[in-house]
Amino acid sequence: MDSIIIARRFVVIMLFAAVFAFSFSVAVEHAGRSGAQSHFGASFTCVQTGTPYCTTVQ
């Protein structure tokens with residue numbers, strides 16, 4: 001009988017944790033959307049190929 005009570009409490013706690021995780025991920029995703037455009041994954045032409053860093057030209 002004690003294991004059933006512990007299992008119910010565990011399920012309730014996990015449901016609250018899942019709702020919190022989902023709402024937190026929505027909040028983070030919404031806050032990450034700013035007016036700036038992200039160029040992650042875009043292809044650019046590298047001007048200086050011999051250096052350890054690359055200056056991009058669109």
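Phe16 meets the ring pair (Phe, Tyr, Trp, His ring centres under 6.0 Å) test with no other residue; sequence neighbours excluded. Looking at residues two or more places apart in sequence or on another chain, you find no ring pair (Phe, Tyr, Trp, His ring centres under 6.0 Å) involving Phe22.
Grouped by direct or indirect side-chain proximity (heavy atoms under 4.5 Å, Ile/Leu/Val/Met/Phe/Trp/Tyr only), Met14 sits with Phe10, Ile13.
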